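Take a look at the structure below.
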Amino acid sequence: MTFKNPDEHGYYGEFGGAFIPEMLYPNVKELQENYLEIIGSEAFQTEFRGLLENYVGRETPLYLAKNLSEKYGAKIYLKREDLNHTGAHKINNALGQALLAKRLGKKRIIAETGAGQHGVATATACALLGLECIVYMGEIDIARQAPNVARMEMLGAKVVPATSGSRTLKDAVNEALRDWINNATTTHYIIGSVVGPHPFPDLVARFQSVISEEIKAQLKEISGSENPDYVIACVGGGSNAAGAFYHFVDEEKVKIIAAEAGGHGLQSGQSAATTFLGTTGVLHGSKSLVMQDADGQVTEPHSISAGLDYPGIGPFHANLFAKKRAQFFSINDDEALEAAFELTRAEGIIPALESAHALAVLNKLKFENNNTVVICLSGRGDKDMETYLKALKEITK
Ligand SMILES: *Cc1c(COP(=O)(O)O)cnc(C)c1O
């Protein structure tokens, strides 16, 4: 049994598949039939790897955080995805899919975005590769994420407001899917995480797997052993975690730890901790764990970090949870804030709020002295300064 990849129908255990309206079938089928051959080809890999190195700035450092290590009594390494171009891991996937789209003969790209991070990464890849770019974004999110909207527009993307439903991320996904149905032959949909119908979860996980590929080689060089005792990452949809876990999930001895956004707390009605609060359901084209009410209506999630504010997780992670291969923690808003300030003061690194959820797990585990722990620092905190400053004012009041 492998945890890494789905079966030929896109299933990870009981989760995954492609639950799509008939009108989307040709697009999804085209991808299913071509993605492995295209991205496995030498020409594709040469171009993709070249861009990762010279444009994104990979490989990213695996940094031994000495002060954190001393405090927690383990060797704590940070995988520095925050140092990537555009500030997070999302660019790995956006570039990979944009290159794939070109090889499929598509000249028009659509994407959904919540806080704008995936929209910016996609607009960046499209500017570089000369592709038309349309980003769907909830009307409410457009109002509260003005700097990212400006970035996308400067990069040449068209930002289209989603005005239905709660006017946030899930409505933007619905608008993007509607566009894709109407423009099947010309357009590729760059989905932003390991979610969506097969083959998207596998496709995105493969593009992000460069994270654990590098960790293995870097650990081997540092310590002689390529496997750590723990790998820790935050899970929104799950793409940085899938990338950080990918080459370790089939190594039994490596403990896999996922941090979900607990929001105001599991019982508060304002949370995004899907494995704790969710049940099996279908969301955005795949069967997974979903936060929903008794009628199967998706419930509105909450997290202080926009990137974790999603009412589901990808099927890769749902399977890790169901098979008990990974341990999941729910990290509340205040715990994430505290972890962000701790890293900033201890190491001089301001993390993204999403990544701070992974850091907060350090308080919940008991390490032995020679344990090697790798934490995926998925992004940098520039975008979260407003939230951090507000918290700082509360603390010093
Ligand atoms: C978007 C984002 C996430 C959450 O997305 P995943 O697909 O779960 O990785 C995490 N960290 C950062 C910095 C992000 O921008």
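This one's a predicted model, so the numbers in the text were calculated from it and none came from an experiment. Numbering of residues begins at 1 and proceeds along the displayed sequence. Counting starts at 1 for both ligands and their atoms, following the listed order.
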Output yes when the distance from some N or O of ligand 1 to some N or O of [X] is under 3.5 Å, and no in every other case.
{"X": "Gln117", "result": "no"}
{"X": "Ser355", "result": "no"}
{"X": "Gly237", "result": "yes"}
{"X": "Gly236", "result": "yes"}

**Prompt:** Which of the atoms in ligand 1, numbered in the order shown and given with their element, are less than 4.0 Å from a heavy-atom of Gly379?
**Reply:**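 Those of ligand 1 that fall under 4.0 Å from Gly379 are 13 (C).
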**Message:** I'd like to check which ligand 1 atoms, numbered from 1 as shown, lie under 4.0 Å from a non-hydrogen atom of Ala352.
**Reply:** 13 (C)
Protein contact to [atom] [nearest heavy atom, distance to 0.1 Å]:
{"atom": "atom 12 (C) of ligand 1", "result": "Ser378 OG, 3.5 Å"}
{"atom": "atom 2 (C) of ligand 1", "result": "Lys90 NZ, 2.4 Å"}
{"atom": "atom 6 (P) of ligand 1", "result": "Ser239 N, 3.3 Å"}
{"atom": "atom 10 (C) of ligand 1", "result": "Glu354 CB, 3.4 Å"}
{"atom": "atom 4 (C) of ligand 1", "result": "Gly307 O, 3.3 Å"}

Name the atoms and distances for all side-chain donor-acceptor pairs under 3.5 Å in residues 275-284, with sequence neighbours left out.
from, atom 1, to, atom 2, distance (Å)
Thr275, OG1, Glu260, OE1, 2.7
Thr279, OG1, Gln292, NE2, 2.8
His284, ND1, Tyr310, OH, 2.9

**Item:** Ring center gap for Tyr246 and Phe316 short of 6.0 angstrom
**Value:** no
**Request:** Examine His9 together with His198 and report whether their ring centres are nearer than 6.0 Å.
**Result:**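 Here the rings of His198 and His9 have centres that are no less than 6.0 Å from each other.
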**Asked** Can you find a pair of side-chain heavy atoms, one from Thr168 and one from Met137, that are under 4.5 Å apart?
**Response**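 In short, these two side chains do not touch, never coming nearer than 4.5 Å.
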**Asked** Below 4.5 Å, heavy atoms only, C-beta onward: do Gln218 and Glu226 meet side chain to side chain?
**Response**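 Sidechains of Glu226 and Gln218: no contact.
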**Fill in**
Quick note, salt bridge (charged side-chain N to carboxylate O under 4.0 Å, His left out) partners involving residues 235-251, not counting sequence neighbours, are Lys216-Glu251
**Asked** If we ignore angles and hydrogens, is there a donor and acceptor under 3.5 Å between the side chains of Asn92 and Arg58?
**Response** yes
**Item:** Check ion pair Lys71-Glu342 (N to O, under 4.0 angstrom)
**Value:**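 Salt bridge: yes.
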**Message:** One thing to verify: whether Lys90 and Glu81 come together as a salt bridge, which I'm taking to mean a side-chain N less than 4.0 angstrom from a carboxylate O.
**Reply:**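 Salt bridge: no.
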**Contact check, His89 vs ligand 1, heavy-atom distance below 4.0 Å** =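 His89: in contact with ligand 1 (<4.0 Å).
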**Asked** For atom 8 (O) of ligand 1, which candidate among Ala244, Cys234, Gly238, Pro351 holds the nearest heavy atom?
**Response** Gly238
